[in-house]
There are 2 protein chains.
Amino acid sequence: MPEPRKQQPTLELVAERAGVSRATVSRVVNGSDKVKADVVRAVEKAIAELNYVPNRAARSLAQGRTNSIALVIPESTAKFFADPYFASVIQGAAMYLSTTEFTLSLLIATESDPTKTSRYLRGGNVDGALILSHHADDSSYSELAGSLPLVFGGRPMSNENGNVFVVDVDNAAAARKATEAMLKTGRKHPVTISGPQNMGAAIDRQRGFEQAVHEAGLPAGPVAVGDFTPDSGESAMRELLASGAKIDSLFAASAQMAFGAMKVIADAGLMVPSDIAIATIDDDSFARNASPALTTVAQNAEEQGAKMAEVVVQRINGESVPERIIMPTKLILRGSHGV
Amino acid sequence: MPEPRKQQPTLELVAERAGVSRATVSRVVNGSDKVKADVVRAVEKAIAELNYVPNRAARSLAQGRTNSIALVIPESTAKFFADPYFASVIQGAAMYLSTTEFTLSLLIATESDPTKTSRYLRGGNVDGALILSHHADDSSYSELAGSLPLVFGGRPMSNENGNVFVVDVDNAAAARKATEAMLKTGRKHPVTISGPQNMGAAIDRQRGFEQAVHEAGLPAGPVAVGDFTPDSGESAMRELLASGAKIDSLFAASAQMAFGAMKVIADAGLMVPSDIAIATIDDDSFARNASPALTTVAQNAEEQGAKMAEVVVQRINGESVPERIIMPTKLILRGSHGV
DNA sequence: TTGAAAGCGCTAACAG
DNA sequence: CTGTTAGCGCTTTCAA
């Protein structure tokens with residue numbers, strides 16, 4: 001039995017009950033300050049009694065805005081959903097928006113039909129969108145930026161042809177901080193496990209590492225590439241160890257990879273930090289639960305998510321916002337970087 | 001400068017271009033089979049040329065359905081967002097819905113204003129809702145079940161007064177399986193770290209553990225309570241060790257807690273599994289990355305999320321669905337349960 | 001098989 | 001300060 005949809009009270013009903021016009025009810029609902037106080041009270045009473053809730057679709061249609069914001073996640077990224085970083089960004093955005101009139105719609109961008117997402121976005125179904133790209137070059141979205149307020153999480157690879165709003169962390173600086181802390185314990189043979197070479201964050205972190213190494217007057221050791229997952233950290237570390245290069249310190253571009261690498265290091269009979277010092281990025285459960293706990297650079301993903309949401313909302317409201325917002329990072333010294 | 005919203009082509013425009021009425025275009029868009037083939041072609045051509053996308057709000061208003069589904073997360077749960085289990089459920093639901101005409105709205109149920117969420121849900125803003133309750137008794141939502149198709153993830157504590165649709169795993173059976181595997185190695189002094197006592201899943205798992213222990217003719221050891229996080233696992237384990245009880249095996253109600261417990265066990269100079277065998281539930285990165293890797297019962301959270309979404313959609317479409325769907329679990333033997 | 005017309009529930013000028 | 005009057009873009013009888 002197709003449950004009959006319980007009929008919601010309409011604005012009209014409230015108007016009748018309060019003895020005013022629909023327009024007035026609408027004004028009260030929308031918090032206009034040009035309604036006499038006693039009328040406001042009467043209307044609010046009627047609203048409460050009828051348990052009235054405005055109809056979103058009707059409102060959207062009338063005002064030409066949807067009050068909803070999309071959070072776009074490329075399908076490839078969705079597979080990395082278990083990455084605490086993403087979960088936190090999403091959480092931050094959702095929490096922030098829950099304090100506004102906006103609703104968050106989760107959109108998985110299927111790779112089989114890439115136009116589906118952009119059609120949806122362009123179709124006036126949302127007022128703005130947050131693009132969370134783990135992977136690659138998202139030039140596909142850049143074009144959309146012309147027709148809709150878009151905010152990217154993390155620097156997209158595509159060249160910044162203006163109008164591209166980004167909330168990012170200073171990955172290079174973060175990597176430099178981590179590496180410096182590690183080298184300060186007198187290490188001479190640093191290596192790194194980098195991230196996917198088509199990701200801005202990965203490249204920036206690698207660059208930061210190399211800068212720190214260079215400034216310390218040390219030679220650049222071998223580089224292994226992972227994809228930010230623990231498994232990839234393991235194989236990268238195996239590769240590094242097999243390379244025969246002398247290694248006394250490791251900067252891993254993500255805590256998950258550092259975590260994976262540590263298992264390989266232990267299996268090889270080496271100790272952290274005495275044999276190999278480690279520093280990384282991300283203060284997640286992997287960093288905290290490793291033993292020794294990982295010296296890392298925290299990047300408050302939750303705040304980043306909240307900031308992204310805040311920025312779209314501001315852009316939707318026509319406020320001016322800087323195109324590039326850099327979130328602060330914090331070095332957290334724990335055991336893994338040595339003494 | 002408040003970017004002027006680029007005007008989308010309307011149905012009317014398509015109609016003009018195709019030389020038909022709006023009604024016909026609507027029929028084509030909605031896949032009616034009562035439109036002549038050549039007319040369909042003409043309309044589709046016009047749609048493509050204009051890059052027309054139907055307006056969601058208008059459609060909702062006209063048909064009285066929103067094509068969107070809410071995913072409700074209690075704020076308390078949101079804090080546990082980093083729990084890979086939740087992330088996976090959400091991912092599964094989002095992925096499934098991306099193949100349908102429905103959109104997923106993420107709703108954080110604020111505790112400061114609990115009515116906000118239920119008002120939103122009751123306000124006809126969504127066609128159905130998925131309730132993901134980590135915590136406690138959600139009787140608050142049970143009442144809503146009368147006015148909206150609701151599907152719960154995990155058995156809610158409230159008594160099942162019908163009309164409560166649930167997609168759950170057989171937690172008791174899962175716990176029993178894990179415990180049995182662990183006891184089979186000849187352990188005589190099992191203890192458990194349970195979850196929050198106001199959660200169905202936690203209670204069921206504890207019951208499953210107790211059954212297995214009882215069936216093995218063993219005495220029930222002490223029980224410590226955690227909240228499924230690694231940290232709580234640590235303190236629970238410390239408590240257990242401090243209790244002075246003889247312990248040679250541990251069933252932890254979540255891999256995260258098992259992971260935390262292992263650190264305490266190691267600190268106490270004990271070995272897993274020789275001194276203490278461990279079995280748990282959840283095949284997440286914690287289970288896989290512990291050393292030794294954890295013997296556990298996997299519960300495919302992603303599939304559970306997809307199933308939840310599937311069930312709401314079916315209920316929205318008026319199809320009949322069983323009230324209780326139990327997802328299968330799978331025992332995964334790894335090192336931690338002993339030999 | 002198609003078109004005309006009447007709304008869906010709300011907001012937004014424009015008067016008063 | 002409040003009511004009247006048009007729509008927003010689409011679906012949906014009802015006729016033709």
Side-chain angles (χ1 to χ4, degrees), chain A residues 4-44 46-47 50-68 101 120 122-127, chain B residues 5-44 46-47 50-68 101 119-120 122-127:
Chain A
R5 204 47 171 293
K6 202 174 273 175
Q7 191 53 48
Q8 285 306 127
T10 67
L11 207 170
E12 168 129 46
L13 232 55
V14 176
E16 280 172 13
R17 182 168 195 121
V20 297
S21 73
R22 296 181 312 176
T24 299
V25 177
S26 176
R27 289 187 185 103
V28 172
V29 169
N30 294 293
S32 160
D33 53 349
K34 308 179 181 298
V35 183
K36 272 207 298 204
D38 53 327
V39 177
V40 171
R41 262 196 303 282
V43 172
E44 280 172 345
I47 289 179
L50 293 168
N51 217 296
Y52 166 77
V53 183
N55 177 307
R56 189 155 232 281
R59 197 195 281 233
S60 292
L61 188 54
Q63 340 181 99
R65 63 136 74 187
T66 65
N67 283 327
S68 82
E101 79 261 51
Y120 182 84
R122 195 151 9 86
N125 296 307
V126 293
D127 296 334
Chain B
R5 203 47 168 296
K6 201 175 274 176
Q7 191 53 49
Q8 284 308 127
T10 67
L11 207 169
E12 170 129 45
L13 232 55
V14 176
E16 280 171 13
R17 184 170 193 116
V20 297
S21 73
R22 296 182 310 175
T24 298
V25 176
S26 176
R27 289 187 185 102
V28 172
V29 169
N30 293 294
S32 160
D33 51 350
K34 309 180 180 300
V35 183
K36 273 207 296 203
D38 53 326
V39 177
V40 171
R41 263 195 304 281
V43 172
E44 281 172 345
I47 289 180
L50 292 168
N51 217 298
Y52 166 76
V53 184
N55 177 304
R56 194 154 228 282
R59 196 193 276 228
S60 292
L61 188 53
Q63 349 179 91
R65 63 136 75 187
T66 65
N67 283 327
S68 82
E101 79 261 53
R119 274 170 36 100
Y120 182 85
R122 194 150 9 84
N125 295 308
V126 293
D127 295 334

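Remember, it's a predicted structure, so these values are computed and weren't measured experimentally. Residue numbers start from 1 in every chain, and the chains themselves are labelled A, B, ... in the order their sequence lines are given, proteins ahead of strands.
Counting only distance, with no hydrogens or angles, the side chain of A:Ser68 and the backbone of A:Val126 share no donor-acceptor pair below 3.5 Å.
Residue pairs meeting the side chain to side chain donor-acceptor pair (under 3.5 Å) criterion with at least one member in residues 32-42 of chain A: none, sequence neighbours excluded.
At a cut-off of 3.5 angstrom, the base of D:dG9 holds no donor-acceptor pair with the side chain of B:Arg56.
Between the axis at the start and the axis at the end of the helix from C:dT1-D:dA16 to C:dG16-D:dC1 there is an angle of 30°, using five pairs per end and rounding to 10 degrees.
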**OP:** Start with the C-alpha gap between B:Glu44 and B:Val28, add the side-chain angles, then the distance that decides, and say whether side-chain contact (heavy atoms from CB on, under 4.5 Å) holds.
**Re:** CA-CA 8 Å; B:Glu44 281 172 345; B:Val28 172; 4.1 Å; yes
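Taking atom CG on A:Leu13 and atom C1' on C:dC10, their separation rounds to 14 Å, with Å as the unit. Put simply, CZ on A:Arg65 is 15 Å from C1' on C:dA12, counting in whole angstrom units. The separation between A:Lys34 atom NZ and D:dG3 atom P is 16 Å, rounded to whole Å. In this structure, B:Asp38 places its CG atom 11 Å from P of C:dT1, rounding to the nearest Å. The separation between A:Tyr52 atom OH and C:dG9 atom P is 10 Å, rounded to whole Å. Between the CD atom of A:Gln63 and the P atom of D:dA6 there is a distance of 22 Å, given to the nearest Å. In this structure, CG of B:Leu11 is placed 19 Å from P of C:dC8, rounded to the nearest angstrom. Atom CZ in A:Arg59 sits roughly 20 Å away from atom C1' in D:dC10 (whole-Å rounding).
Residue B:Asp127 comes nearest to B:Asn67 through the heavy atom pair OD2-N, 2.6 Å, listed as atom of the first residue, atom of the second, then distance. Counting all heavy atoms, side chain and backbone alike, A:Gly124 lies closest to A:Thr66 at O-CG2, 3.4 Å. Closest non-hydrogen pair, A:Ala18 versus A:Ala42, comes out as CB-O, 4.1 Å.
Distances were taken from every side-chain heavy atom of A:Arg27 (C-beta onward) to each of C:dG3, C:dA13, C:dT11; the shortest belongs to C:dA13. The A:Thr10 side chain lies nearest to C:dG9 when the options are D:dT2, D:dT12, C:dG9. Among the nucleotides D:dT11, D:dT2, C:dT2, the one closest to the side chain of A:Lys36 is D:dT2. Relative to the side chain of B:Val20, the nucleotides C:dG3, C:dG7, D:dT4 differ in distance, and C:dG3 lies closest. Among D:dC10, C:dT2, C:dC10, the nucleotide with an atom closest to any side-chain atom of A:Ala58 is C:dC10.
The residue among B:Leu61 and B:Val39 whose nearest nucleotide of DNA chain C lies closer to the 5′ end is B:Val39.
Atom-to-atom distance recorded for B:Arg22:CZ and B:Glu16:CD is 10.0 Å, nearest 0.5 angstrom. Residue A:Glu101 holds its CD atom at 10.0 Å from CG of A:Asn30, rounded to the nearest 0.5 Å.
Remark: B:Ser21 is not in phosphate contact with C:dA4, judged by side-chain N or O atoms under 4.0 Å from OP1 or OP2. Within the 4.0 Å cut-off from OP1 or OP2 of C:dC8, not a single side-chain nitrogen or oxygen of A:Asn55 is found. Of the side-chain N and O atoms in B:Ser26, one or more sit less than 4.0 angstrom from OP1 or OP2 of D:dT11.
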